[in-house]
> 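Just dropping this structure here.
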Number of protein chains: 2
Amino acid sequence: MALFLDTFINKIDKKGRVSVPAPYRLSLSGLSFQGIIALPSFKNKAIICAGIDWMEKLSQQVGRVDLFSDAHDDLTATLFADAKQLGFDGEGRIILPESLLSHAHIQESAAFVGRGQIFEIWQPEALEKYKIFARKQALEKNRTLSVISDK
Amino acid sequence: MALFLDTFINKIDKKGRVSVPAPYRLSLSGLSFQGIIALPSFKNKAIICAGIDWMEKLSQQVGRVDLFSDAHDDLTATLFADAKQLGFDGEGRIILPESLLSHAHIQESAAFVGRGQIFEIWQPEALEKYKIFARKQALEKNRTLSVISDK
DNA sequence: CATAATATCCCATGATATCCCAAATATATA
DNA sequence: TATATATTTGGGATATCATGGGATATTATG
């Protein structure tokens with residue numbers, strides 16, 4: 001399974017293209033689709049991204065939920081309806097659609113932030129503010145330590 | 001599982017390269033990624049380091065937490081977002097990024113400190129001060145006995 | 001069907017990291 | 001003490017990566 005780490009800030013050019021960081025591309029190599037899956041985060045002004053394998057796994061999990069249940073409706077509407085499949089060009093760039101750009105308030109540059117099995121794209125300054133907040137939360141609720149000390 | 005012992009002080013050259021101690025490299029050999037994972041310590045002005053296997057294990061543990069929970073967000077932002085993947089060159093050196101160097105106030109040389117399953121990188125003088133403090137704390141709070149008798 | 005808008009392909013460039021070889025230093029061996 | 005071996009350190013050559021832009025192909029639209 002892929003492991004996305006670190007934070008990279010890349011420019012968006014006049015054509016709307018932005019390089020996916022090379023280490024991320026390496027994690028995504030060998031998949032059936034050469035590119036990423038991108039969908040709006042409903043918790044933050046950010047774009048959730050992953051490889052096609054992650055989406056397929058998610059799809060299987062959702063498949064176990066009853067087709068005509070409200071849960072199925074909510075999940076599929078949230079996860080699949082707004083998900084975009086963005087292919088790499090020869091240089092490993094993608095084009096972020098207008099809907100995702102405006103959702104994350106991204107204009108001239110984009111911050112790619114690793115979250116383990118997935119990664120996210122943020123407006124750089126918004127990400128910095130969020131990181132400070134998240135670290136505070138993790139410390140206050142003692143989250144980091146319990147996971148690390150856990151064998 | 002890797003075991004990192006002892007302390008080594010190595011120079012940082014003009015290109016920002018520094019040798020990872022040979023015994024540490026031996027502990028890390030055979031892993032899928034030839035290099036180290038490095039992230040800022042939020043407790044000390046130091047850099048926490050480990051092999052990719054340690055990070056993968058962490059990722060799996062975090063993967064069990066609900067993907068869209070606050071706990072997942074806080075943890076991944078703290079653990080993965082600032083973690084760097086630093087590969088060895090042919091001579092077993094890494095390049096420490098500016099962000100980590102400034103976090104640990106490191107300039108011309110770096111101290112590698114074994115901490116068991118992980119190791120840390122410190123500014124050498126800061127490490128000496130910390131060691132004295134840590135030894136005092138251990139004695140005062142009688143930590144050695146309680147931790148060892150545990151389990 | 002024609003035309004415009006948009007995306008894709010291809011190549012160029014500067015900055016940076018990586019590779020490769022060699023010298024210097026430290027550690028072990030005879 | 002002298003020699004051999006491993007490790008750290010140094011520096012030039014090479015490759016990779018992010019970025020930019022022209023040319024071509026694809027798609028949408030009137």
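Letters A, B, ... mirror the listed sequences (proteins, then strands); counts begin at 1. What you see is a predicted model, and the numbers here were worked out from it, not measured in a lab.
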> Whole angstrom is fine here: how far is it from CZ in B/F88 over to C1' in C/dC19?
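Rounded to the whole Å, the gap is 16 Å.
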> Anything under 30° is parallel, anything over 60° is perpendicular, the rest tilted; go ahead and classify A/F42 against B/F68.
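The rings of A/F42 and B/F68 sit tilted, inter-plane angle from 30° to 60°.
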> Looking at A/K45, I want to see if its NZ is surrounded by more than 12 non-hydrogen atoms of other residues, nucleotides or ligands under 6.0 Å.
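At most 12 heavy atoms, drawn from other residues, nucleotides or ligands, come within 6.0 Å of this atom.
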> Does a salt bridge link A/R135 with B/D82, judged by any charged N lying under 4.0 Å from a carboxylate O?
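The answer is yes: the pair qualifies as a salt bridge.
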> Using whole Å, what does the distance between atom C1' of nucleotide D/dG11 and atom CD1 of B/I95 come to?
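The answer, rounded to whole Å, is 13 Å.
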> Can you check whether B/V18's main-chain N or O pairs, donor with acceptor, with B/N10's side chain at less than 3.5 Å?
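Not a single qualifying donor-acceptor pair exists.
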> Nearest whole Å is fine: how far is D/dT7 P from B/I94 CD1?
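Whole-Å distance recorded here is 17 Å.
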> Would you call the rings of A/F119 and A/Y24 parallel, tilted or perpendicular if under 30° counts as parallel and over 60° as perpendicular?
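Because their plane-to-plane angle lies in the 30° to 60° range, the rings of A/F119 and A/Y24 count as tilted.
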> Tell me, for nucleotides 13-26 of chain D in 5' to 3' order, what letter each nucleotide earns: B for a base near a protein heavy atom under 4.0 Å, S for only sugar-phosphate near one, - for neither?
----SSBBBBB---
